[in-house]
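In what follows, chains carry the letters A, B, and so on, assigned in the order in which the sequence lines appear, proteins first and then strands, with residues in each chain numbered from 1. Values below: every heavy atom of this structure, side chains too, minus hydrogens, waters and symmetry copies. Please read these numbers as outputs of a predicted model, since none were measured by experiment.
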Amino acid sequence: MAEYDLGASFIPALYKPADLLPIAKHREALLYLIETNAVTIVVGQTGSGKSTQIPQFLEQAGWCEDGKIIAVTQPRRVAATTVALRVAEEVGCEIGKEVGYSIRFEDVTSASTRIKFMTDGLLIREALVDPLLTRYSVVMVDEAHERSVSSDILLGLLKKIRKRRPELRIIISSATLQAEDFLRFFTKDAADEVSDTPTTDQIGSIVSLEGRTYPIDILYLESPAEDYVEKCISTALDIHVSEPEGDILVFLTGREEIETAVQAISERSAQLPPHSKSILPMPLYAGLTTEQQMYVFEEAPANTRKVIFSTNIAEASVTINGIVYVVDCGFVKLRAYNPKMGIESLTATPVSKAAAAQRAGRAGRTKPGKCFRLYTEESFRTLPDATVPEIQRSNLAPFILQLKALGIDNVLRFDFLTPPPAELMTKALELLYSLGALDDYAKLTKPLGTRMAELAVEPMMAKTLLSAQSFGCVSEILTIAAMTSLGGNVWVGQEEEKRRVESTRRKFAAEEGDHLTLLNVYQAFVTKGRKEGRFAHDNLLNFKALTRAVSIRAQLKRYLERFGIAVDESLSSYGTGNNKAEQIRRCLTTGYFAHAARMQPDGTFRNVSGDTVLHAHPSSLMFNRKADWVIFHEVFESGNKIYIRDITKIEKGWLLQYAPQYYQIRS
DNA sequence: GAGCACTGC
């Protein structure tokens, strides 16, 4: 404790010498554990230095001899890059030399790289080429407690690899709550392999590292709040009036709530008592541009308290200094997947105890803090311990395809940390079969299935891309694939005047629907707007997203060329009624036949079986146009409506032509 | 007739 206080009083916050981190005194013990255990679970509090120090300890202890590399995986790209930069600085090397990182589109490593930070998804991809990950002597899976689909799958793979490579060392960083689960996962049914290992090493053990956080007072409501948005607003104002200095972070569930709260604070701050400090409300959610997000990191003007209304983005992805008060509304929007209808939804759900603890922890980063939970202590006790892992509530088709490509044929018996519901697996297998990626024996087809697995787009788009050659529209589908991967981030300016948004979009509109409109946008961007930000700005386009589309397209093109598919980049016209447009629409149908719908006289859509009402999303051209049969990229439920987005007109006959079995089964 | 939490290859 004394060391803790000393550090706090004498060491400037921006620079903490590694020697003074609590982890330093555990160095020898940690190295011994890793040496003698195949699997080490590290329970480290925020600020324990685990992600930055452990790789350096390992490197110094000789784990990189004979050219082997230490891999550290992160769930997010920003974490992979920023942690790598910090370690490179501590080591005193240029980034990309001894310490490097690798994320999609950015491989900053070299032949001399010994410590490599990367996203967990990327390491799974490396396993496609090197199934035993032989380049690595140690793999550290950081933030495994977040339970993303890719970190779960990576752990399953590592467990399998370990049986063939007993010398591989696996380190898993976890929150307290789940450490035992991880250990049990690696220990169970390990008994039968003891004969393979000459020593009597145990499989794994858990080690805890203390962090550097300050005490946090947790306060609950005496009785439940009726309207948590209103309660968040009034609580923030109460804190501002009656609590000492320090910024406020308020967790809400989405954009709409956040904008409401920000506006309410601006309005009500006029009624604050005279002589009181000002209060500055700020929104924070992923949909904002980077520039807009940057405001929350700036120091507030003198005599002003910042109050940041944020989504879950501030729970793990983003750290803001100076937060002393946290207000937790008790809810989070979580994705769910309905395998029967193949529809994703996003619903406000009560947070887990682990998430509530994580949110509260955001208050104690710089000094002792307070967390106001806008629910009763009794309802806190009824919360689930942890959020349901993502693998149990997602469309699994992309991951099943990856597992198959890794040679794991019997995916139903793959060793999952938590097995997904059988229904999700069945649905994914059915889709992959109907796309032709799997054969009657559920084996990956060649070359279609193996190629689909290699392409970094979802299976329906992968199939579309691989059909494009026979329709003579490879270049156009490449663009459409890149544009749809942006996930609705193409347009900006939803707060702009609606009429202006409409007229601006009309400039790019194609009669056939959204996919061809996206193609027009991209072509205009690369011919006119790539160099000057003005073009994007004037046309309400997201410059950053379009630049990303250029990279994605280039990467997908390289894949196709490797498969021997020629890409003709000559700009041919594909205007209304011309044959190119029809070929593109036919090609899209070969991948998206399962996403077909027909417009009803009232302007809504019905799916093929007719049992589900679908609404064109207001961002779609088909929102206010007439159509008959269409295919769509995406379907999701929001509020009490089911929306479809990125919609293109097709002919009914094409469905039977390109997916005969699929539609026979259903008729 | 009116709007998606967060990641990732």
| query | When rounded to the nearest 0.5 angstrom, what is the spacing between CG in A:Asp107 and CG in A:Leu122? | reply | 8.0 Å
| request: Determine whether any donor atom in the side chain of A:Arg76 lies under 3.5 Å from an acceptor atom in the base of B:dC6, or the reverse, and answer yes or no. | output: no
| message | Measure CG/A:Leu122 against P/B:dG8 and give the value in whole Å, please. | response | 12 Å
| task | Measure from CG on A:Leu403 to C1' on B:dC9 and round the result to the nearest Å. | result | 14 Å
| query | Separation of A:Asp142 atom CG from B:dT7 atom P, in whole Å? | reply | 17 Å
| note | By salt bridge (Lys or Arg N to Asp or Glu O under 4.0 Å), A:Lys557 pairs with (sequence neighbours left out) A:Glu569
| Nearest 0.5 Å, what's the CG-CG distance between A:Asp120 and A:Asp142? | 9.5 Å
| said: On DNA chain B, compare the nucleotides closest to A:Leu455 and A:Asn312; which residue's is nearer the 5' end? | reply: A:Asn312
| message | What is the separation between atom CG on A:Leu334 and atom C1' on B:dC4, rounded to the nearest whole Å? | response | 13 Å
| Has the side chain of A:Glu257 got a donor or acceptor atom that lies under 3.5 Å from a matching backbone atom of A:Val229? | no
| Which sits closer to the 5' end of DNA chain B, A:Glu634 or A:Asp120, going by the nucleotide each is nearest to? | A:Glu634
| query | What's the CD-C1' distance between A:Glu390 and B:dA5, to the nearest Å? | reply | 11 Å
